[in-house]
**Student:** 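One structure follows; several queries about it will come next.
We number each residue from 1, following the sequence as shown.
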Amino acid sequence: MHVETRTSPRIGTQAAVGLLAGAMLCLWAPWLAPRWALIALAIAGLALWWKLPRCIWIATALLGFGWAGIVAGTALQARLPSEIEGRELVVQGRVDNLPEQDSKSTRFQFVVDDDIAQQVELRGKRIRLGWFAAPDQAPPQIVAGSRWRLHVKLKRPHGLRNPGVQDSERGMLVDRIVAGGSVKGGEGNEELAAGNGIDAMRDGIAQRIEQGSSPARRFIRALAVGDTRGLSDDDWTILRANGLTHLIAISGSHVALTAILGSALAWLLWQAFPNLGRSLPRRTAMLLAGIVVAAFYTALSGGEVPTLRTLLMMASVASAVLLRRRMGAVQALAIAAILLTLIDPLNLLRPGFWLSFAGVAWLSWCLREGGRGVLREFLGAQGVATLGLLPLSMLFFAQASWVSPIANLVAVPWWGFVVVPLSLLGVLADGIHHGWGAPLWNLAAWLFDFAWPLFQRIADWPLGQSRLPEASVFAWPLALIGAFWLLAPRKLPGKPLALALWLPMFTPLQPAVLPGEARMQVIDVGQGQAVLMRTAHHTILYDAGPATDDGYDAGETVVLPALAALGVDHIDLMMLSHADADHAGGMNAVLAGMPVAAVQAPPNAPIEVDAHCKLGDHWEWDGVGFEVVSPLPDSEYTGNPSSCVLRVFSKEHALLLTGDIDQATEHAMIERATTSLRADVVLMPHHGSAGSSSDAFVHATGATWAIASAGYRNKFHHPNPKAVARWTDAGTRVLDTPHAGSVRVDLAPTGVAVTTERTRRRRIWGSGG
């Protein structure tokens, strides 16, 4: 394949770069332009692209901006209207993709039928559902591709919003999820037809792989058909620490192998029956068979962006060969980028899009000369991929694996050239006859098991997975320039200086807290609470987020990533307001993921801690005072009313963290010492429940701001409108995490500054409640 070739400007690199730049500028803007303006820009860009190739940059940028805005606006308008949130609805449709099941529930995507019998706002649209089992019962068995009639309650797409890279609302927009909700138990839910179609076929193959004896069969499911449901959190931790997640996901190499397999089958068939060549030349048959087999496998494996990119590149090259034209890898890559962007510009919001295209682009640029031997080419490719993609990995996942080059030197040839081909041959054999693929899958699993202990050991190395702080928006372009500089030809001078361009990636975005100042970050954990308090050299985590019986642990999935994004690498004190799971559930995950010097909880609380927080405790860190104003020493533990209440104060300002105290506790605190309750900012007691925030307590605090930590449309209706009214009537401004996201409060001599995450990082898909 030629790399350097003359390309048409309309479908070349310049067109692709302009289109991508325009689309990304639109998608990452704080708001969408009016629809009429987007349509006008798209039409103007398309006209310029066709008529004036010299203006290709401007033309494709205008087209990309306008087209991305039109598609995004359409997807946003399709979301569930707020008027029908929480209503019980009856929907009929098909289970889409692979359902995920655990001991408590089954979660799946559901495409509602596009007919007049369905709710008009949901016709033909995709929703995400959870079906929770009744006590002492197993969750329902849901098969991919099956058809159901279900009673559901739905909510608009909404996700937690914290510092860092996590953003589930973006993922729901990209996947066209218009609502999420739960299936209501009882009568009325009915399966209408058994599973069929490509998803059912994929699920069936995964189940037959699972029947093997090797524990590694869960990985073979992932490598063969992209089914990662069997991988545990520990598996993902090991893969991330080794930098191997890209090999577990179905990638372009899988599609290339299936294309080679299809071409080989066509070659054998034409060898066996030479007369076929009279109707269709063998070379043409091999090309077409390779593309057809690759297309079928792309659909079977879920059609992720890396597989589509490879398929489109191969189809472009095959078309050029059949038309007797020359086409290089760069032009094929540009065509694939243009087509994927035009088909669905929201693909640009997927990390896999950029990692896939950037990986091929880096390799095409750095290894274009060739002729250096197989080993040197392989080592060079690994070096280029590791260094070139590291800035993007840090941007999208806020983590880096410094041992990934070592792990990839083993995993790429072992998995890519041995395990994956055997897995794919098993899929082919199983397609010929069910059961024939088992020996190949068992062998692939045995070979996978052979190397897995090595990666488990590497994951424990000190230079394994590292979480990175949230950096400036300018940090990753500088790191990309640094990577380009380092990978440039040797003649380019000053390469050691290129390393300096990486430094902003490791620098926290938030400024340091100065002596005498305090910073509070109310982490958005849903229906629960976790609050980070920082002074110049100390940190306190007040509550650790919720954990639920179905395995969800906000300590691991929300709190730890948020702390890492904020540049926190240790905790001096974890104070648990009380033992309820929505406040203390994440404790063990935080203790396992970060050094914690001491843990406190109320006296007699059913938690193993180092000490108890009680009235009279006080200390000073970095010029900032801390005082526990409830509960009483050695008091009986009664749950919510026994919460540790912590007052944080500087010379001029104060914060009050209240746990889940009730009005009786509020009055007792007022009687003991009214002045100790004065605060500029108050964390609303009990998430803003109606049984808290009495008028007397509100006036005793004299707060300018009150913040409620709660879940979106939670079943308790927190914060309660009556409690909110008591604060607002006193002149206090009220924020809640469902609408504001994470809330940051800075206490400085100059005043109190309050910033919300949804305001700081506005996104077109941000619902804000």
**Student:** Within the supplied structure, the quantity of interest is the number of heavy atoms (other residues, nucleotides, ligands) at a distance under 6.0 Å from Leu454 CG; does it exceed 12?
**Tutor:** yes
**Student:** Less than 4.5 Å apart, side chain to side chain, heavy atoms only: is that true for Arg309 and Val360?
**Tutor:**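 Yes, at least one pair of side-chain atoms sits under 4.5 Å.
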**Student:** Could you list the residues that satisfy side chain to side chain contact (heavy atoms under 4.5 Å, CB included) with Ala479, not counting sequence neighbours?
**Tutor:**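 For Ala479, the residues satisfying side chain to side chain contact (heavy atoms under 4.5 Å, CB included) (neighbours in sequence not counted) are Pro391, Trp502, Met505.
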**Student:** How close do Arg170 and Leu349 get, heavy atom to heavy atom, and via which atoms?
**Tutor:** NE-O, 3.7 Å
**Student:** Looking at Asp96 and Arg126, is any side-chain nitrogen of the basic one under 4.0 Å from a carboxylate oxygen of the acidic one?
**Tutor:**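 A salt bridge is present here (some side-chain N lies under 4.0 Å from a carboxylate O).
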**Student:** Does Leu62 form a side chain to side chain contact (heavy atoms under 4.5 Å, CB included) with Ile58? I'd like the steps, not just the answer.
**Tutor:** CA-CA 6 Å; Leu62 291 176; Ile58 299 176; 3.9 Å; yes
**Student:** Which residue, Arg208, Arg217, Arg221, forms the side chain to side chain contact (heavy atoms under 4.5 Å, CB included) with Trp441?
**Tutor:**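 Only match with Trp441 under side chain to side chain contact (heavy atoms under 4.5 Å, CB included): Arg208.
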**Student:** Do Trp354 and Leu20 touch side chain to side chain, with heavy atoms closer than 4.5 Å?
**Tutor:**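 The answer is yes; the side chains approach within 4.5 Å.
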**Student:** Has Asn97 got a side-chain atom pairing as donor or acceptor with Gln109's backbone, closer than 3.5 angstrom?
**Tutor:**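 Here the side-chain-to-backbone pair does not exist.
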**Student:** Working to the nearest 0.5 Å, report the span between CE of Met313 and CD1 of Ile335.
**Tutor:** 9.5 Å
**Student:** Taking ring pair (Phe, Tyr, Trp, His ring centres under 6.0 Å) as the cut-off, I'd like each qualifying pair that reaches into residues 308-353, sequence neighbours left out, listed once.
**Tutor:** Phe353-Phe357
**Student:** Are side-chain heavy atoms of Pro561 and Arg467 found at a separation under 4.5 Å?
**Tutor:**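 The answer is yes; the side chains approach within 4.5 Å.
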**Student:** Can a donor-acceptor pair be found, under 3.5 Å and without considering hydrogens, that links the side chain of Arg176 to the backbone of Val174?
**Tutor:**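 Between the backbone of Val174 and the side chain of Arg176 there is a qualifying donor-acceptor contact (under 3.5 Å).
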**Student:** Could you walk me through whether Thr307 and Tyr297 pass the side chain to side chain contact (heavy atoms under 4.5 Å, CB included) test, one step at a time?
**Tutor:** CA-CA 9 Å; Thr307 61; Tyr297 179 73; 5.8 Å; no
**Student:** I want to check something: taking the side chain as every heavy atom from C-beta on, are Arg324 and Val321 in contact at a cut-off of under 4.5 Å?
**Tutor:**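 Counting from C-beta outward, Arg324 and Val321 never come under 4.5 Å.
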**Student:** Given side chains that start at C-beta, do those of Val427 and Leu300 come closer than 4.5 Å, heavy atoms only?
**Tutor:** yes
**Student:** Would a 4.5 Å heavy-atom cut-off, applied to side chains only, mark Leu480 and Phe484 as touching?
**Tutor:**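 Answer no - side chains too far apart.
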**Student:** Please table the atom pairs, donor to acceptor, closer than 3.5 Å between any side-chain atom in residues 268-285 and protein atoms at least two apart or in another chain.
**Tutor:**
unit_1: Trp270; atom_1: NE1; unit_2: Leu280; atom_2: O; d: 2.9
unit_1: Gln271; atom_1: OE1; unit_2: Arg282; atom_2: NH1; d: 2.4

**Student:** So with a 6.0 Å cut-off around CH2 of Trp452, is the heavy-atom count from everything else above 12?
**Tutor:**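 Yes, because the 6.0 Å sphere around CH2 of Trp452 holds more than 12 heavy atoms from other groups.
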**Student:** What's the separation between atom CG in Leu311 and atom CD1 in Ile291, rounded to the nearest 0.5 Å?
**Tutor:**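 If we round to the nearest 0.5 Å, Leu311:CG and Ile291:CD1 are 6.0 Å apart.
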**Student:** Is any side-chain heavy atom of Trp67 closer than 4.5 Å to a side-chain heavy atom of Pro345?
**Tutor:** yes
**Student:** Has the side chain of Arg763 got a donor or acceptor atom that lies under 3.5 Å from a matching backbone atom of Pro30?
**Tutor:** no
**Student:** What's the shortest heavy-atom distance between Thr310 and Gly252, and which atoms?
**Tutor:**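 Answer, listing the atom of Thr310 first, then Gly252: OG1-CA, 2.9 Å.
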**Student:** For a side chain to side chain contact (heavy atoms under 4.5 Å, CB included) check, start with the C-alpha distance between Leu342 and Leu63, then their side-chain angles and the critical distance, and finish with the verdict.
**Tutor:** CA-CA 9 Å; Leu342 292 177; Leu63 174 61; 4.2 Å; yes
**Student:** Output side-chain donor-acceptor pairs under 3.5 Å for residues 412-423, partner residues at least two apart or in another chain, one line each.
**Tutor:**
unit_1: Trp414; atom_1: NE1; unit_2: Leu447; atom_2: O; d: 2.9
unit_1: Ser423; atom_1: OG; unit_2: Val419; atom_2: O; d: 2.9

**Student:** For a 4.5 angstrom cut-off between non-hydrogen side-chain atoms, does Leu497 reach Trp485?
**Tutor:**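 Touching, per the 4.5 Å side-chain cut-off.
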**Student:** Run the side chain to side chain contact (heavy atoms under 4.5 Å, CB included) check on Ile248 and Phe219 step by step: do they pass?
**Tutor:** CA-CA 7 Å; Ile248 288 297; Phe219 290 104; 3.8 Å; yes
**Student:** Could you pull out the closest heavy-atom pair between Leu41 and Gly66, with the gap in Å?
**Tutor:**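 Scanning both residues, the minimum pair turns out to be CB-CA, 4.3 Å.
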**Student:** Can you measure from OG (Ser356) to CG (Leu308) and round to the nearest 0.5 angstrom?
**Tutor:** 9.5 Å
**Student:** Any side-chain donor paired with an acceptor under 3.5 Å for Trp765 and Glu169?
**Tutor:**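 No, Glu169 and Trp765 have no side-chain donor paired with an acceptor closer than 3.5 Å.
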**Student:** Rounded to the nearest 0.5 Å, what separates atom CD1 in Ile220 from atom OG in Ser214?
**Tutor:**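 If we round to the nearest 0.5 Å, Ile220:CD1 and Ser214:OG are 7.5 Å apart.
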**Student:** Sequence neighbours left out, what passes side chain to side chain contact (heavy atoms under 4.5 Å, CB included) with Ala16? Give chain and number order.
**Tutor:**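 Once residues adjacent in sequence are excluded, the partners of Ala16 under the side chain to side chain contact (heavy atoms under 4.5 Å, CB included) criterion are Ala334, Ala337, Ile338.
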**Student:** Does Arg350 pair with Asp175 as a salt bridge, N-O distance under 4.0 Å?
**Tutor:**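 Salt bridge between Arg350 and Asp175, a charged N being under 4.0 Å from a carboxylate O: yes.
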**Student:** Going from OG1 on Thr245 to CG on Leu231, what distance comes out if it is rounded to the nearest 0.5 angstrom?
**Tutor:** 11.0 Å
**Student:** Do Asn408 side-chain atoms and Ser404 backbone N/O form a donor-acceptor pair below 3.5 Å?
**Tutor:**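 Such a contact is found between Asn408 side chain and Ser404 backbone.
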**Student:** Show the nearest heavy-atom pair for residues Gly482 and Ala498, with the distance to one decimal.
**Tutor:**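 Closest approach of Gly482 to Ala498: O-CB, 3.7 Å.
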**Student:** Assess whether a salt bridge exists between Asp235 and Arg218, defined as any Lys/Arg side-chain N lying under 4.0 Å from an Asp/Glu carboxylate O.
**Tutor:**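 Salt bridge between Asp235 and Arg218, a charged N being under 4.0 Å from a carboxylate O: yes.
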**Student:** So which atom in Asp449 and which in Ala216 form the shortest heavy-atom distance, rounded to 0.1 Å?
**Tutor:**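 That would be OD1-CB, 3.2 Å.
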**Student:** By side chain to side chain contact (heavy atoms under 4.5 Å, CB included), which residues pair with Ser263, not counting sequence neighbours?
**Tutor:** Met286
**Student:** Would you confirm whether Asn242, through its side chain, and Leu244, through its main-chain N or O, come within 3.5 Å as a donor-acceptor pair?
**Tutor:** no
**Student:** For Leu32 and Gly69, work out which heavy atoms get closest and say how close.
**Tutor:**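 Looks like CD2-CA, 3.9 Å.
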**Student:** Got a second to check how far Ile238's CD1 is from Ile458's CD1, nearest 0.5 Å?
**Tutor:**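 Going from the CD1 atom of Ile238 to the CD1 atom of Ile458 covers 11.0 Å.
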